[in-house]
Amino acid sequence: MTMTYGLIVWSFVGLAGLLAFLFLSMGVLALVRRLVHRSSVAFRISVVDALVRIAAFVVFYLLLIVLGALLLVFFGTCLISSFDSGKPSLRGIVMLGLLALTSVLFGVYLVSALFQYRRDESPERVEVTRAECPRLFALLDGLVHRMGCSFPKHVYLTTDTNACVFYNTGFWNIFLPVRKNLEVGLGLFVGTSVGEVEGVVAHEFGHFAQSSMKVGSFVSVAVTVIRNIVTGGGWFDRWMEHMPGVVAMVAALATLLARPGSLWLYELVDGGYGRLSRQMEFDADSVAARTVGSDVFASVLCKLPVLAEAQEAHQSVVGQLGRKGQVFPDYFEGRRIVDGFSTKPHAPMISADSLMTEPARVLAKSRVKVIARGESHPPLEDRLANIRGLAFAAPLDRERSPAWELVPPEIVSRVTDRFHELVGNACEKKLDPVGRETFVAVARESFAKARIANPLLERFFDRQVLVLDVDKAVRVPVGENPLTAANADTLARYDVAKQDYELLMSVKLGAVKADRVIYDGRTYSRKNLPLKEQADCLLALEREAIAIDEAVCAWFYAHLEEADRPALCQAYRDMMTCWQKNGAKGDVKAVSDVYDQLVDLLDTERQTVEKDAYKEMCRRIDTLFARLRDSVRAADFDLLRETCDDNDQQTTLEEIRNYATTEPTFYTDKQLNADAVQALLATAATWTSGNRCAWWVCARRICNLVE
């Protein structure tokens, strides 16, 4: 026994020394990485840094296991000694037994996490075969041959706007090879060529085509396994739910010793992986640019954000139809219809026969760029600069035909049918097909409510309007027409400056964990952020923005008929009320804040929480319901009804009003009422999103009065 005890002790000491050495190595690597930032050596250093961090987590985990064994041997020895020394006391036996049980559960918890297995599944994916999509598989064959990587295990299609490689993960996948699957979103085919789609897939293949990428793939799997260990939710947690109270309490004590340290080290690992992942993105971009040409791959990178925005607008219309029990069967024809309504000046129309040379125009440029810790992708502007610096020429046989030629129409129909089936399931309705005219009418009505017809007016009102005192604003002397592009640009700069300041404050307070903060091209640490400089800039722009908004209000008031002026003033007052409710001290913001805190505690898969957080969960549930009730009682329901798109939404609004008068039972002394908690979360989410839309009704009302 003494030999075993000594072996465990020396193992513990050796592992502790190794852990200290690894932490020292991290510091050295961090220093070297600063000296060789963005050089060819940076990637290799990032790989070594990520591996050292993973090794530190593994050593820490082994230390915990050795500690558990050490405690078990110690308490077991004490228990045996108490019997050998004579008649032991009952109290001593119980205490030693509980401590031994703690050690056992501590070890079981640590080992159980190593046998978790996570499947990456999505019901929207439709698997396709070589016989069904010969042209798509021919493109994949060509890429596999040129890049020297393995062919995907399965190929899936969805309606999304991108492509990705995914795989299932378990602890043993750190040591055994992982077969990757490929998902291609057909939304990517809208306005792109075969060559551009080939570039996106080449980028995904680039993540595991090269030897350096294979190391990155190993790191990715290892980080995923570590995440599974830290977040828990495996069979050990489910098993503990059914154990007697004493055992559950002992288990909570045992895991309390391991989880905080594991979480801290996971964040350390994730930060290192984030830096490596960003380097891997640059490397995979280089592979894609070499395959299809720098100009082609840069073009599809510029198109992707535009396509994603258009898809979001289209799916909003699809959702409105779904709530009515209707569906337009031709998904991508519907997408083309919606694109015609949703085009904005900063989001140009794109087509397969032309390359997009620059990203969509932004109305005002941010001065702040934050590289968040763990963020996997570099900013788009950095990726474009990297690609253009390589200047790879496009192959002479570059495919310029529309990407739709890769997939037969019947396969497209199968994918869209699956998507519509899921929409029907979400709406809990059987969807009946409608014709093109009906879909056009719904889309037109949707954008009439969501947009202001005059693009210039939209720039003045698609934001927080700073008219705090309407009676004062209408007395501002009327000069030249303030509705100019220059004033709209000033308002856009103010909004971006406000976002920049809030982002810097989030970094300062630790809400956003940043690897780097770049302000006007200079790099800052968290301790010396340029908050005063940005605050001065914001204050100057705020004065200009207030003057512009008040001048606009006075201009409208002066040029309206006397009979319409009260309606204008009331619309401005309602708009400010909406903003105040959603502002820092507003009742709707108070609901939103507690909702976010509650979601952070709630395990959304099992609708429960760790037992040591149960009391805090109950407190937040009570607080959320109380704030929701107070907010609903204080609401202007006439205004909120105007935000509803259909009868179903009006019904939902009345249901929220009725819900606020009830007294739901959310929990007992032993467990949460999962259905009641989920109903509360759904109601709070609907309430906050509906109130965020209410200001837009007021803005449209103002614009309708003056047009």
Side-chain angles (χ1 to χ4, degrees), residues 33-48 50 139-140 142-149 162-165 182 188 191-217 219-220 274-307 350 352-360 369 371 375-400 403 515-516 518 521 523:
R33 189 174 56 248
R34 285 182 179 275
L35 299 175
V36 297
H37 178 60
R38 292 296 299 276
S39 74
S40 58
V41 183
F43 178 78
R44 291 192 289 273
I45 292 176
S46 295
V47 170
V48 175
L139 180 146
L140 300 180
L143 286 174
V144 166
H145 176 72
R146 276 181 285 170
M147 300 173 68
C149 60
N162 215 323
C164 68
V165 168
L182 176 67
L188 177 64
T192 57
S193 66
V194 170
E196 288 174 317
V197 171
E198 185 178 13
V200 174
V201 178
H203 170 90
E204 296 302 325
F205 281 9
H207 280 303
F208 54 93
Q210 305 171 93
S211 58
S212 60
M213 292 296 101
K214 290 176 183 176
V215 175
S217 179
V219 173
S220 176
R275 285 189 288 273
L276 172 61
S277 182
R278 292 192 292 273
Q279 292 287 349
M280 288 166 59
E281 289 298 319
F282 284 125
D283 223 13
D285 284 349
S286 302
V287 172
R290 185 183 299 111
T291 303
V292 300
S294 292
D295 59 340
V296 176
F297 188 61
S299 172
V300 75
L301 283 185
C302 293
K303 287 181 178 181
L304 279 171
V306 180
L307 293 174
I350 59 178
D353 56 1
S354 63
L355 298 179
M356 191 170 175
T357 57
E358 295 293 336
K369 182 165 63 175
I371 310 299
E375 188 173 335
S376 60
H377 285 65
L380 176 60
E381 59 187 91
D382 290 354
R383 296 178 69 184
L384 291 174
N386 175 58
I387 293 164
R388 287 167 179 156
L390 298 171
F392 289 119
L396 296 177
D397 59 346
R398 184 180 80 190
E399 182 63 77
R400 301 172 183 267
D515 273 344
R516 281 187 297 143
I518 301 172
T523 301

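We use all heavy atoms of the structure for the numbers below, so side chains are in, but hydrogens, waters and symmetry mates are not.
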Minimum heavy-atom distance between [X] and [Y], given as atom pair plus value:
X      : Y      : value
Ser286 : Phe392 : O-CE1, 3.8 Å
Cys302 : Pro359 : SG-N, 3.5 Å
Ala202 : Ala288 : CB-CA, 4.0 Å
Leu188 : Leu307 : O-CD1, 4.0 Å
Pro305 : Leu380 : CG-CD2, 4.4 Å
Ala360 : Val306 : CB-CG2, 4.0 Å

Would you say that Thr192 contacts Val200 through its side chain, given a criterion of any heavy-atom pair below 4.5 Å between the two side chains?
no
Do Ile387 and Asp295 touch side chain to side chain, with heavy atoms closer than 4.5 Å?
no
Could I get the full list of side-chain hydrogen bond (donor to acceptor under 3.5 Å, both in side chains) partners for Thr357, not counting sequence neighbours?
none
Between Leu301 and His203, does a side chain to side chain contact (heavy atoms under 4.5 Å, CB included) hold up when you go through it step by step?
CA-CA 11 Å; Leu301 283 185; His203 170 90; over 6 Å; no
Gap separating the CD atom of Glu281 from the CG atom of Asp382, nearest 0.5 angstrom:
12.5 Å
At what distance, to the nearest 0.5 angstrom, does CZ of Arg146 lie from OG1 of Thr291?
6.0 Å
Of all residues at least two apart in sequence or in a different chain, which pass the side chain to side chain contact (heavy atoms under 4.5 Å, CB included) check with Ser299?
Glu196, Lys303, Leu355, Met356
With sequence neighbours left out, write down each residue that passes side chain to side chain contact (heavy atoms under 4.5 Å, CB included) with Glu358, or none if nothing qualifies.
Arg388
Evaluate Leu390 against Asp285 for side chain to side chain contact (heavy atoms under 4.5 Å, CB included), listing each step before the verdict.
CA-CA 10 Å; Leu390 298 171; Asp285 284 349; over 6 Å; no
Are Phe205 and Leu140 close enough, and set up right, to give a side chain to side chain contact (heavy atoms under 4.5 Å, CB included), and what steps lead you there?
CA-CA 10 Å; Phe205 281 9; Leu140 300 180; 4.0 Å; yes
